[in-house]
Engineer: 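Starting off with a structure, shown below.
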Amino acid sequence: MTESNKTKIAVIGGGAAGFFSALSSAEHNPEAEVSIYEATNKLLAKVLISGGGRCNVTNNTPEVSDLIKNYPRGSKELRGPFSKFATKDTIAWFAKNGVELKTEPDKRMFPITDSSETIAKCLINKAKHLGVNICTKQKITKITRTNQNQFQMTINGAEVITVDKIILTTGGTKSSLELARSLGHTITDLVPSLFSFEINDPKLLELAGVSFPDIRLELMAKSGNKFKQQGPVLITHWGFSGPATIKLSALAAKDLFISDYSATLKINFIPSENWESILKILIDHKEKSPRQVAHSDSFLNIPKRYWAKIIDQIITKDKQTWAEFTKQQLQNLATELTQGTFSIAGKGKFKEEFVTCGGVHLKEVDFTRMESKIVPGLFFAGEVLDIDGITGGFNFQSAWTTGWIAGQAAT
């Protein structure tokens with residue numbers, strides 16, 4: 001204990017995990033002196049900009065066995081924490097604190113106000129109500145362990161203070177992770193996650209804005225690993241984006257990083273069918289509508305602009321009718337529809353989310369308490385860990401859960 005006989009708990013990082021860690025500590029031990037140290041002058045920066053300014057708080061996936069499937073890294077480790085605090089607990093906590101959440105068709109959950117400010121104000125006001133000290137422009141530049149099993153933190157390279165417990169919630173930045181490394185932790189390489197694909201293909205020219213509500217993607221990495229995802233996809237000026245693309249990028253993040261974002265993408269635009277079944281459908285359609293001009297006959301619910309583009313790639317004459325299609329052309333069309341192949345040339349120009357994989361090695365953390373196995377009294381929460389979820393509110397849920405457990409254990 002410090003001289004005041006109050007447990008001094010320092011939460012390093014003023015983001016979602018940081019605030020929830022601090023709130024949990026303050027709620028579970030009202031006698032503790034809890035302080036948040038944020039290096040910048042902006043609190044909850046990612047909360048405010050997430051979901052287009054609406055804040056995708058969590059995902060309405062109540063079963064832990066289903067929830068963990070949405071974490072390319074950390075799914076096994078999160079099973080225990082999610083059994084203590086998961087989606088339903090997040091919903092209940094915000095409801096108890098005056099924020100009602102709503103579920104959208106894709107299970108993403110937002111405040112009914114559709115404003116990230118609602119979430120940020122809730123967390124900040126709750127922290128103030130519980131007596132949490134919120135310190136901005138306070139960058140922790142060094143941490144050392146004392147002989148009394150406390151910690152000395154150097155702030156802005158000058159002031160040194162002593163605390164009993166530290167909860168590190170600094171996110172996935174190299175500079176902040178150096179604090180964990182300096183205390184003996186292993187840091188796995190930081191790699192971008194959740195991004196769109198840059199694809200240079202004639203079939204995509206002048207098609208920006210065309211969207212597919214449900215198609216199946218298969219990414220074949222240079223390593224030989226394959227990754228699959230299904231859902232909505234959007235053609236952009238630089239390639240592919242949309243929920244299925246972003247989720248696929250998370251699954252393949254490390255393989256893509258190693259190969260400098262070079263890979264092969266195969267797409268089934270009609271996931272309910274395969275090559276053989278689509279070929280049969282095309283042959284039957286040729287017999288039923290022989291005089292129909294194929295270019296304008298998008299009978300398979302493929303967006304008209306994309307349909308016209310792939311027909312142009314296959315036909316040999318203008319206004320070709322179905323009767324004029326050769327067997328080879330029908331086979332080529334079946335291939336384009338169910339096995340369309342594209343070369344990924346890089347990461348998209350814009351990062352849809354601000355998520356990295358990599359961070360504190362998971363084997364060095366006790367997930368029953370979110371406490372370091374190397375340094376007693378040091379806890380972790382949020383993106384500082386080598387845990388990341390796919391898009392849809394899963395990264396925030398991980399932050400709420402690990403923050404809640406870390407905060408409680410640190411008391």
Side-chain angles (χ1 to χ4, degrees), residues 1-39 43 77 80-81 84-85 123 126-128 130-136 138-156 159-171 176-185 187 359-362 364-385 387 398-411:
M1 289 286 185
T2 53
E3 293 180 359
S4 67
N5 291 324
K6 281 190 174 184
T7 301
K8 283 193 174 183
I9 302 171
V11 179
I12 305 177
F19 263 83
F20 229 60
S21 296
L23 295 177
S24 178
S25 286
E27 286 193 13
H28 287 102
N29 184 3
E31 296 302 313
E33 185 178 318
V34 184
S35 301
I36 296 173
Y37 295 88
E38 167 56 40
L43 298 168
E77 290 80 4
K84 298 177 182 177
F85 193 99
L123 295 171
K126 183 68 173 180
K128 290 178 178 178
L130 292 172
V132 174
N133 302 311
I134 301 174
C135 311
T136 57
Q138 301 284 294
K139 182 177 178 62
I140 308 302
T141 54
K142 184 179 180 181
I143 302 173
T144 56
R145 191 85 161 127
T146 72
N147 293 332
Q148 290 74 39
N149 293 324
Q150 295 174 311
F151 298 92
Q152 286 189 328
M153 304 193 314
T154 303
I155 303 174
N156 295 331
E159 181 185 3
V160 177
I161 65 170
T162 301
V163 297
D164 299 294
K165 307 286 179 67
I166 288 179
I167 307 176
L168 201 57
T169 70
T170 47
S176 63
L177 283 165
E178 282 305 314
L179 292 174
R181 194 194 303 276
S182 71
L183 291 167
H185 275 277
I187 308 300
V360 174
H361 201 293
L362 303 186
E364 298 173 355
V365 180
D366 174 3
F367 275 80
T368 64
R369 294 169 51 80
M370 303 311 304
E371 186 173 15
S372 166
K373 292 179 180 179
I374 298 172
V375 185
L378 174 64
F379 301 79
F380 300 100
E383 203 180 336
V384 70
L385 295 158
I387 291 176
S398 175
W400 310 134
T401 294
T402 55
W404 187 256
I405 294 172
Q408 182 177 9
T411 60

Engineer: Between Trp404 and Phe20, how do the two ring planes meet: parallel, tilted or perpendicular, split at 30° and 60°?
Structural biologist: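 Plane angle between 30° and 60°, so tilted.
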Engineer: Are the side chain of Glu364 and the backbone of Ser372 linked by a donor-acceptor contact shorter than 3.5 Å?
Structural biologist: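 Not at all, since once roles are kept as given, no pair shorter than 3.5 Å links the two residues.
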Engineer: For Ala17, is there any backbone N or O sitting under 3.5 Å from a side-chain donor or acceptor partner on Ser21?
Structural biologist: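 Between the backbone of Ala17 and the side chain of Ser21 there is a qualifying donor-acceptor contact (under 3.5 Å).
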Engineer: At what distance, to the nearest 0.5 angstrom, does CD of Glu159 lie from CD1 of Ile140?
Structural biologist: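 Interatomic distance, Glu159 CD to Ile140 CD1, rounded to 0.5 Å: 9.0 Å.
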Engineer: Do Ile374 and His185 come within less than 4.5 Å of each other through their side chains, counting heavy atoms only?
Structural biologist: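 Ile374 vs His185: side chains touch.
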Engineer: Who pairs with Arg145 by side-chain hydrogen bond (donor to acceptor under 3.5 Å, both in side chains), at least two apart in sequence or on another chain?
Structural biologist: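 side-chain hydrogen bond (donor to acceptor under 3.5 Å, both in side chains) check on Arg145 returns nothing, list empty.
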Engineer: How many angstroms lie between atom CE of Met370 and atom OG1 of Thr401, to the nearest 0.5 angstrom?
Structural biologist: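 It comes to 9.5 Å.
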Engineer: Less than 4.5 Å apart, any side-chain heavy atom of Glu27 and any of Lys126?
Structural biologist: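 When only atoms from C-beta onward are counted, Lys126 and Glu27 do touch, with a gap below 4.5 Å.
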Engineer: Where the side chain of Thr402 meets the backbone of Gly382, is there a donor-acceptor pair that is under 3.5 Å apart?
Structural biologist: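 Indeed, once roles are kept as given, a pair shorter than 3.5 Å links the two residues.
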Engineer: Without swapping roles, check the side chain of Ser25 against the backbone of Ala22 for a donor-acceptor pair under 3.5 Å.
Structural biologist: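 No.
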Engineer: Measure the spacing between CD of Glu371 and CD1 of Ile405 and express it to the nearest 0.5 Å.
Structural biologist: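 Answer rounded to 0.5 Å: 13.0 Å.
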Engineer: Start with the C-alpha gap between Leu362 and Leu385, add the side-chain angles, then the distance that decides, and say whether side chain to side chain contact (heavy atoms under 4.5 Å, CB included) holds.
Structural biologist: CA-CA 7 Å; Leu362 303 186; Leu385 295 158; 4.2 Å; yes
Engineer: How long is the straight-line distance from CD of Gln138 back to CD of Glu38, given to the nearest 0.5 Å?
Structural biologist: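 Spacing of CD (Glu38) from CD (Gln138) equals 10.5 Å.
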Engineer: Please determine whether the number of non-hydrogen atoms from other residues, nucleotides or ligands lying under 6.0 Å from atom NZ of Lys84 exceeds 12.
Structural biologist: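 Buried by this count: over 12 neighbours within 6.0 Å.
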Engineer: So which heavy atom on Val365 is nearest to which on Phe380, and how close?
Structural biologist: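 Closest approach of Val365 to Phe380, heavy atoms only: CG2-CD1, 3.9 Å.
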Engineer: Let me see the working for Ile161 and Tyr37 under side chain to side chain contact (heavy atoms under 4.5 Å, CB included), right down to the final yes or no.
Structural biologist: CA-CA 12 Å; Ile161 65 170; Tyr37 295 88; 3.0 Å; yes
Engineer: Taking Gln408's backbone N and O only, do any of them form a donor-acceptor pair with Ser24's side chain (distance below 3.5 Å, no angle check)?
Structural biologist: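 Side chain of Ser24 to backbone of Gln408: a pair is present.
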Engineer: Please name all residues satisfying side-chain contact (heavy atoms from CB on, under 4.5 Å) with Thr136, sequence neighbours left out, ordered by chain then number.
Structural biologist: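 Leu43.
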Engineer: Test side chain to side chain contact (heavy atoms under 4.5 Å, CB included) on Val163 and Ile9 and set out the steps.
Structural biologist: CA-CA 6 Å; Val163 297; Ile9 302 171; over 6 Å; no
Engineer: Only counting residues at least two apart or in another chain, list the ones meeting side-chain hydrogen bond (donor to acceptor under 3.5 Å, both in side chains) with Ser176.
Structural biologist: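 Ser176 satisfies side-chain hydrogen bond (donor to acceptor under 3.5 Å, both in side chains) with Thr170, Thr173 only.
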Engineer: Picking from Asn133, Ile167, Val132, what satisfies side chain to side chain contact (heavy atoms under 4.5 Å, CB included) with Val34?
Structural biologist: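 For Val34, the side chain to side chain contact (heavy atoms under 4.5 Å, CB included) check succeeds only for Val132.
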Engineer: Nearest 0.5 angstrom please: Leu23 CG to His28 NE2, how far?
Structural biologist: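 The CG atom of Leu23 sits 11.0 Å away from the NE2 atom of His28.
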Engineer: Mind listing the closest non-hydrogen atom pair of Ala180 and Ile187 along with its distance?
Structural biologist: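 Heavy atoms only, the tightest pair is CB-CD1, 4.0 Å.
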Engineer: Which distance, rounded to the nearest 0.5 Å, do you find between the OG of Ser398 and the CD of Glu383?
Structural biologist: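 One finds 9.0 Å between OG of Ser398 and CD of Glu383.
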Engineer: Could you tell me whether a side-chain N or O of Lys6 sits under 3.5 Å from a main-chain N or O of Glu33, the two making a donor and an acceptor?
Structural biologist: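 Not confirmed, Lys6 side chain does not pair with Glu33 backbone.
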Engineer: Of all the heavy-atom pairs spanning Phe19 and Ala127, show the shortest one and how long it is.
Structural biologist: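 Here Phe19 and Ala127 meet closest at CE2-CB, 4.0 Å.
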Engineer: Determine whether a donor-acceptor pair (N or O, by modelled atom type, separation under 3.5 Å) exists between the side chain of Thr169 and the backbone of Ile12.
Structural biologist: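 Checked: pair present.
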Engineer: Nearest heavy-atom pair of Phe379 and Lys165: which atoms, and what distance?
Structural biologist: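 Between these two residues, the closest heavy atoms are CE1-CD, 4.1 Å.
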